[in-house]
Amino acid sequence: MTSSKTREAVVDRRDQYAFHDDIAYLRETKRGLTRDTVEEISGFKNEPDWMLQSRLRAYDHFLKRPMPMWTDGLDKIDFDKIVYYRKPSEREEKSWDDVPEQIKATFEKLGIPEAERKFLAGVGAQYDSEVVYHSVREELAKIGVVFMGTDQGLKEYPELFRKFYGTVVPHEDNKFSALNGAVWSGGSFVYVPKGVEVPLPLQAYFRINGENTGQFERTLIVVDEGAKVHYIEGCTAPIYATDSLHVAVVEVIALAGSKVRYTTIQNWSNDVYNLVTKRAHAHANSTVEWIDANTGSRKTVKFPSIYLRGENSSADIISVAVAGRGQHQDTGAKAIHLAKNTTSRIVSKSVSKDGGRATYRGQLKVSPGATGVVASVRCDALMLDDESRSDTYPYIDIQEDDTTMTHEATVGKISQDQIFYLMSRGLTENEAQNLVIQGFLEVFTKELPMEYAIEFNRLVKLEMEGSLG
Amino acid sequence: MTSTSTPSEAVPASNTEPARPARTPRRAPADLPFRFADRGLAQALAAERSEPDWLRDERLAAWQAFEALPVESNQLYTPYVDLRGAILDEVRPWVRTASGPDAANSGELPEGVDGLIELREDQVVALALSPAASAAGVILETFGTALDRDPDGFRADVEGGATLPADDKLAQLARGFWSQGVSLVVPDHVHLAHPILVRWGSGNPERALITRTIVRLGTGADLTLVEEQVPSGADIECAEGEIVPQGFFHGTTEVVLGADARLAVAAIQDLGPRQIVFQHRTSQIGEGASLHWALAQLGSRLVRSRVDNRLEGDRSSVEQAEIVFGGEEQVFDLTSYTRHLGRDTTGNLLSKGALLDRARSYMKGLITIEKSAVGTDSFLGEFGMNLSRATRAVAIPSLEIDQPDCRRAAHSSSVGPIDPAQLFYLESRGIPPDEARKFIVLGFLEPVVARVPLEAAQERLRELLEEKWAAGSDGTAGSAGAAA
């Protein structure tokens, strides 16, 4: 780890992740949200009437629903300043060569084609509110795997789409799922047919570009019986001074015997409110895994959830948060046991520094009738200085008598013994601290594909830079 | 309880619902189950008891705070409040307190006790201090006596709500509407050899008994306090189908510890099955002082209790062990807040609940480590044992930390059935399964039982736990884990 080669690999590349191109937007809605905005978005997209009605229902609920009070700062969002829909190019591009040069340059900086050449199965990159580049390897198409933009999914697979859309996260779930339901655009639509194992991860990059652009992507992943898939999303965004808003909904349906893993590396710029509802339904004998890391944004509110609906299903959630100056990571996980002999494991790791605040908020629920449940929750928090704050709010609700549930949480600072030891081996204090933090977060990084693990460690290092004297 | 009824023939049978006992309108889970607490009552309390103006203003200020606050002001816990088991529309609070012994040394002092005050509904039935305690200057008296004896001192003790949480509606209820209070003061450096016993009797249907207890220990003082809430009369027998109205007990224990003081409190709540109980316990712990709570919650239909510990002094410490043994329809709603402010303070909190039948428990705990609290050691544990299928155990052990330089900041929680391995071990030693299950459950609750300092009280607690086990274990109690 201490060789000079590794050190080169973690040089400062902040400029690579903070850039902004001036795009001539072809279509966008006026700032602010009205019933007309919703109708306009649906009109742009030539959507079927049921989707328009669904959007309007969501819009009505969004207006009715009060702002959540259990987390703070959301009242600072000015919904009237947001542009709810923006379309950078007229049609969806199938081939890389057709992508406009300027957008291509953005992706070059993100290293998408390179990653694709290496091992990625497919790329759906979202530039603002529409999927502009999309390629699915021929092998995937041959075995019947659908991986496309959500808008395209609605057009090409209307029945499948309608059958599952909104069944996991109804519009009425919370204020922000209602907002997403009203104005959603883009996101990924994935269908994996019965018994198909997707050999390589499906990957989508999401980007916000444009000041005050709201990004409201909607992702729907249906994994049929006995199928297996790994979906990866990673986010970077240009830095802006005024507030941006990202309100996404992700719905995952893991049908009987399937296995789904969903990996996220979230690195929005520090002006973004990132308010995401992510939820999966796990049917009998299925396994769902959320691997979720949050390093960016001004405020993230996100609790990846798994509803264990079928017997013998299992849930695994790893949630990682790094909160720096001015950031509040309000993250965690939920496991809701609704069926017999289901298991869940939640592991949460958070780091707060420079006045940042990391909050773990989670729920573990065992419903009446869900006998034989085994569940565990583990939360650890590191605080790097006494300007920072760490909270832990676990909700444990057990309504069965033969549940086995354990929960552990600890909060502390980096052990000076470890730092001293590493420094005695020739590391600088900063390097030693980095290494300890990387070790602390390893439970997460070891679950990532190698390229992502490197990128994640790099992001953490960027976050940590300058946190010592 | 209403005496008026309409002749049955006046009611057309066809288009109205069949005659049913009058039902109270549906309430939201966090709606208060009573309406008596209004400005008029606060004024009546002050007027009929001939209280000074400042105390009337104090009651009115509390009433205003009460009016303004929600039942649960902590946004973390609002979904976990359920007062629907309480039906107290008809309760009437005590206003005047009956005359009783108000000087020390009236009533028998039981063996092994240095002081006793026993209160039943609106009366003081016994009040006694040992010669040693009297000689040492210990004061044990009602609020009424304190107000007469030392008006300024009493005013300083209670004005502004003292240590009661200002953001808690129900704490403000006690502040504004108490009819009976107990004040216990132990002077500097006084160590009492034996415990002081405070016993509250409550259980009169349709009555609300609202009380406060203030305990102050001077520098280096040392005291053991036993607190009991017991039924004030025999169980009320009722004909089948007849609903006996509920009664209401609301009590506080407000502790202020001077430097290096030591206080151990053991409390047993064993009120009748129709009592609704609200409790507030607060502590303000000075430099080097230590406080030990051992709290047992057994009785009543519904309990909502809150403990606030403020570790203000450097090196102060609090240990809190709380057990719940619930059965039938009982609901236990228990919150504890521990706030570390001084340097090198220690908090060790343990809650354990065993639930039978359809009992429910909500255990909410929050540890806050302020920026000033360098070197904190804080642990919060919440453990549940669900012994029947229809029970529900909720645990919310939370941490809010602003100072990472701590010895320990952790919590842990578990919920599970009786451990089959333990059961197997005991059975292999020839202990019948029912006995073995009982041993395991009572052993689970033992940490609090062992902390009760008074032998008689400890014995009584053991008996109560065994009775409760026997009453609940006739059906499926505790057997599901083994059978599965």
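Order of the sequence lines sets the chain letters (A, B, ...), proteins ahead of strands, with each chain counted from 1.
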Which value, rounded to the nearest 0.5 Å, describes the distance between [X] atom [atom1] and [Y] atom [atom2]?
{"X": "A:Thr403", "Y": "B:Asn386", "atom1": "OG1", "atom2": "CG", "value": "7.0 Å"}
{"X": "A:Thr392", "Y": "B:Leu380", "atom1": "OG1", "atom2": "CG", "value": "10.5 Å"}
{"X": "A:Met383", "Y": "B:Ile369", "atom1": "CE", "atom2": "CD1", "value": "8.5 Å"}
{"X": "A:His407", "Y": "B:Ser414", "atom1": "NE2", "atom2": "OG", "value": "11.0 Å"}
{"X": "B:Tyr77", "Y": "A:Tyr393", "atom1": "OH", "atom2": "OH", "value": "8.5 Å"}
{"X": "B:Ser398", "Y": "A:Tyr395", "atom1": "OG", "atom2": "OH", "value": "6.0 Å"}

Chain A: which of [options] shares the most heavy-atom pairs with it under 4.5 Å?
{"options": "B:His411, B:Arg408, B:Lys364", "result": "B:His411"}
{"options": "B:Asp405, B:Ile367, B:Thr368, B:Ile396", "result": "B:Ile396"}
{"options": "B:Cys406, B:Pro397, B:Gly416", "result": "B:Pro397"}

If you count heavy-atom pairs under 4.5 Å between each of A:Ala409, A:Ser376, A:Gly412, A:Ala381 and chain B, which one has the most?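 Going by pairs under 4.5 Å, I would pick A:Ala409.
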Could you tell me whether [X] atom [atom1] has more than 12 heavy atoms of other residues or ligands within 6.0 Å of it?
{"X": "A:Met69", "atom1": "CE", "value": "no"}
{"X": "B:Gln75", "atom1": "CD", "value": "yes"}
{"X": "B:Arg407", "atom1": "CZ", "value": "yes"}

If we only count heavy atoms from C-beta on, is the [X] to [Y] side-chain gap below 4.5 Å?
{"X": "A:Ser388", "Y": "B:Pro404", "value": "no"}
{"X": "A:Ile398", "Y": "B:Val394", "value": "no"}
{"X": "B:Leu399", "Y": "A:Ser390", "value": "no"}
{"X": "A:Asp401", "Y": "B:Pro417", "value": "no"}
{"X": "A:Glu408", "Y": "B:Ser413", "value": "no"}

Between [X] and chain B, which part of the residue has a heavy atom less than 4.5 Å away: side chain, backbone, both or neither?
{"X": "A:Arg361", "value": "side chain"}
{"X": "A:Glu387", "value": "both"}
{"X": "A:Thr371", "value": "side chain"}
{"X": "A:Thr404", "value": "both"}
{"X": "A:Pro368", "value": "neither"}

How far apart are the closest heavy atoms of B:Tyr80 and A:Gln363, and which atoms are they?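 Taking B:Tyr80 first and A:Gln363 second, the nearest heavy atoms are OH-NE2, 3.4 Å.
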Cationic N near anionic O, under 4.0 Å, A:Asp397 to B:Arg392: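 Answer for the salt bridge query: yes.
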For B:Phe379, which atoms come within 4.5 Å of any heavy atom of chain A: side chain, backbone, both, or neither?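 Contact with chain A involves no heavy atom of B:Phe379 at all.
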